Number of protein chains: 2
Amino acid sequence: MTNSTPRQRARLETEAQITRIGNRMLDDDGLDGVSLRAIARELGIVSSAIYRYVKNRDELLTILIRDAFTSIADDVDEALEDDTSVLTVGVTMLAWSRRHPNRWALIYGTPVPDYQAPRDETVVPGTRIMVTLTTLLSQSSAHRTPNTQVPPAHALDVLREGLRELGLEPDDQVIMRTVTVWAAIIGLINALRFGQFGPGIELVEDELMQGLTSTLGY
Amino acid sequence: MTNSTPRQRARLETEAQITRIGNRMLDDDGLDGVSLRAIARELGIVSSAIYRYVKNRDELLTILIRDAFTSIADDVDEALEDDTSVLTVGVTMLAWSRRHPNRWALIYGTPVPDYQAPRDETVVPGTRIMVTLTTLLSQSSAHRTPNTQVPPAHALDVLREGLRELGLEPDDQVIMRTVTVWAAIIGLINALRFGQFGPGIELVEDELMQGLTSTLGY
DNA sequence: CATTTCAGAGAGCAGTGCTCTCGTTCACCG
DNA sequence: CGGTGAACGAGAGCACTGCTCTCTGAAATG
């Protein structure tokens with residue numbers, strides 16, 4: 001007993017098709033290429049009918065964003081099973097960004113204008129890697145950075161509170177190191193993906209990530 | 001003798017007005033708010049007439065990008081006169097990004113789709129800060145990072161060549177440190193401007209930058 | 001079998017960048 | 001001083017977007 005009417009099955013199939021087409025259009029033509037009208041056209045449907053399945057364009061974006069965050073976090077988790085290191089986090093994210101540059105831009109680049117991410121839908125998958133990195137840095141604790149002076153306690157209050165909600169209680173030293181490593185990794189990948197180092201860098205991306213984590217002391 | 005016809009003066013004035021309005025629209029409404037039609041409307045001109053002054057939208061973007069790069073680099077240069085330090089570079093860029101978040105996104109965020117920056121016009125102002133940072137890190141040379149292993153020599157070839165064209169010849173250690181510091185600073189500011197740390201961070205941005213440079217060993 | 005729900009069609013609105021054609025006016029030059 | 005070509009502006013139009021509204025036909029529900 002399938003316990004579902006043909007209409008229900010057709011709807012689920014259509015919904016799945018929409019996100020699939022949306023992801024493909026994102027990969028191929030960037031976010032500007034993701035057009036509800038074009039999706040409707042590909043579905044053999046008139047443009048207004050698409051709104052039976054998707055409230056508006058923002059709702060589609062939310063789906064694509066959640067997908068992307070989940071995909072990259074899955075990759076990182078899987079890679080860490082073989083080798084638990086900061087470098088692995090970096091190169092895995094870097095490889096993912098190479099495979100899906102437009103998805104990368106969607107989640108770590110300039111926020112989409114006028115789009116407000118619904119916290120409940122995107123925050124959890126969006127913070128997975130950061131949580132992973134924090135625990136990773138907690139373990140390889142007093143690694144180096146001896147004479148590092150942590151900013152005044154109250155400065156990290158917001159971050160400390162945010163991490164607590166995610167089930168973590170790292171000390172300020174670890175928080176500050178996490179922020180630094182995170183900013184450096186994201187910053188490097190952004191610089192590479194966005195072409196800020198000029199052409200020709202694509203061939204040695206991994207070596208740069210290696211040098212970065214090494215320079216950071218990991 | 002002004003040596004210029006009224007028409008020439010009017011044209012220059014109009015051109016200046018266009019970039020002024022464009023910058024304002026960028027600040028107020030983001031890049032999507034920068035519309036040639038809207039500018040024409042504000043000039044009291046019909047939409048097609050704007051193309052007498054600007055070839056197309058991309059040409060206007062080039063102007064705005066060059067302006068932004070020049071503005072932030074000027075700020076950094078000025079600040080370094082008082083205090084020559086990595087932290088100063090960071091907090092000055094951070095302050096500028098706070099004042100002009102949309103301009104920041106334009107030059108350091110996701111590249112504008114389908115826009116190709118004309119190298120001659122934007123590369124020079126766009127690399128000024130990086131050059132400054134490189135020389136700065138060359139001087140405070142063997143600061144720390146003892147057991148840091150630099151990536152294989154060929155990996156940095158492209159960067160070394162790019163820096164040479166800009167009149168610099170730093171060793172690989174310095175290059176790698178520059179890349180790391182640069183990625184971290186840009187990454188932190190991006191994370192702050194793009195809201196990736198959640199709300200409430202705005203109040204302690206400077207402390208985070210302080211902690212970051214300190215964690216980096218500067 | 002009647003009723004309600006739902007998928008789709010079609011027209012329409014406002015906005016964008018950009019092109020093309022047609023007058024008008026200004027600057028220059030013989 | 002008068003003619004000419006370049007510059008400027010107006011206006012219509014094309015293709016595209018997101019989104020709304022109304023209407024029709026078919027499927028699921030009672």
Side-chain angles (χ1 to χ4, degrees), chain A residues 1-19 21-22 24-26 28-65 102 106 111-116, chain B residues 1-19 21-22 24-26 28-65 102 106 111-116:
Chain A
M1 52 181 176
T2 57
N3 191 17
S4 71
T5 69
R7 207 174 230 179
Q8 284 172 322
R9 271 181 283 119
R11 171 167 257 277
L12 287 179
E13 170 58 25
T14 304
E15 285 173 353
Q17 229 171 339
I18 288 175
T19 82
I21 297 175
R24 183 179 52 71
M25 287 179 167
L26 176 60
D28 291 351
D29 305 322
L31 189 56
D32 283 12
V34 178
S35 140
L36 292 183
R37 289 183 109 109
I39 294 179
R41 227 174 288 135
E42 189 156 328
L43 286 175
I45 285 287
V46 88
S47 73
S48 61
I50 197 76
Y51 292 91
R52 300 287 174 192
Y53 301 95
V54 161
K55 187 168 167 291
N56 51 33
R57 191 169 183 266
D58 281 10
E59 191 175 288
L60 176 61
L61 291 197
T62 300
I63 295 172
L64 299 180
I65 290 172
N102 292 325
L106 178 62
V112 181
D114 301 326
Y115 169 78
Q116 261 293 12
Chain B
M1 49 181 176
T2 56
N3 192 16
S4 70
T5 70
R7 207 171 230 181
Q8 284 173 324
R9 272 181 280 116
R11 170 166 258 275
L12 287 180
E13 170 57 23
T14 304
E15 285 174 352
Q17 228 170 339
I18 287 176
T19 82
I21 297 175
R24 183 177 51 69
M25 287 180 169
L26 177 59
D28 291 351
D29 305 323
L31 190 56
D32 284 12
V34 178
S35 143
L36 292 182
R37 289 181 108 108
I39 294 179
R41 226 174 289 136
E42 189 155 327
L43 286 176
I45 285 284
V46 89
S47 71
S48 61
I50 198 78
Y51 292 90
R52 300 289 175 191
Y53 301 95
V54 162
K55 186 168 168 293
N56 51 32
R57 191 168 184 267
D58 281 9
E59 191 174 290
L60 176 60
L61 291 197
T62 300
I63 296 172
L64 299 180
I65 289 172
N102 292 326
L106 178 63
V112 180
D114 301 324
Y115 169 78
Q116 263 293 15

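Proteins come first, then strands; the chains are lettered A, B, ... in the order of their sequence lines, and each starts at number 1. Every value quoted in this text rests on a predicted model; they were computed, and no experiment measured them. We use all heavy atoms of the structure for the numbers below, so side chains are in, but hydrogens, waters and symmetry mates are not.
- The side chain to side chain contact (heavy atoms under 4.5 Å, CB included) search around B:Tyr51 returns B:Leu36, not counting sequence neighbours.
- Between A:Asp32 atom CG and C:dG17 atom P there is a gap of 13 Å when expressed in whole angstrom units.
- No donor-acceptor contact under 3.5 Å links the side chain of B:Arg37 to the base of C:dG15.
- Between B:Ile39 atom CD1 and C:dG15 atom C1' there is a gap of 16 Å when expressed in whole angstrom units.
- The shortest side-chain heavy-atom distance between B:Asn102 and B:Leu106 does not fall under the 4.5 Å cut-off.
- Of the candidate nucleotides C:dG8, D:dC19, D:dG11, D:dC19 has the atom lying nearest to any side-chain atom of A:Leu36.
- Shown for residues 48-58 of chain A: residues whose heavy atoms fall under 4.0 angstrom of DNA chain D, namely A:Ser48, A:Tyr51, A:Asn56, A:Arg57.
- Applying side-chain contact (heavy atoms from CB on, under 4.5 Å) to B:Tyr53 and the options B:Arg11, B:Gln17, B:Glu59 leaves one that passes, B:Arg11.
- For B:Arg11, a side-chain nitrogen or oxygen approaches OP1 or OP2 of D:dC8 to under 4.0 Å.
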Step-by-step side-chain contact (heavy atoms from CB on, under 4.5 Å) determination, B:Leu60 to B:Ile39: CA-CA 11 Å; B:Leu60 176 60; B:Ile39 294 179; 3.7 Å; yes
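- We find that CD of A:Gln17 is positioned 11 Å from P of C:dG8, with the value rounded to whole Å.
- Between B:Asp114 atom CG and D:dT17 atom C1' there is a gap of 15 Å when expressed in whole angstrom units.
- Put simply, CG on B:Asp29 is 14 Å from C1' on C:dG15, counting in whole angstrom units.
- The side chain of B:Ser35 places an N or O atom within less than 4.0 Å of a non-bridging phosphate oxygen (OP1 or OP2) of C:dG17.
- Residues passing the salt bridge (charged side-chain N to carboxylate O under 4.0 Å, His left out) test with B:Asp114, sequence neighbours excluded: none.
- Ranking C:dC26, C:dG10, D:dG9 by closeness to the B:Arg7 side chain, first place goes to C:dC26.
- Taking atom CG of residue B:Leu60 and atom P of nucleotide C:dG17, one finds them 10 Å apart after rounding to whole Å.
- In terms of heavy-atom proximity, A:Leu64 sits nearest to A:Thr19 at CD2-O, 4.0 Å.
- Contact annotation: B:Arg41 reaches the phosphate of C:dT16 (side-chain N/O to OP1 or OP2, under 4.0 Å).
- B:Leu61 places its CG atom 15 Å from the P atom of C:dT16, with the value rounded to the nearest Å.
- If you measure from atom CG of A:Leu43 to atom P of C:dG8, you get 9 Å, rounded to the nearest angstrom.
- Residue-environment remark: CD (A:Gln116) stays at or below the threshold of 12 foreign heavy atoms within 6.0 Å.
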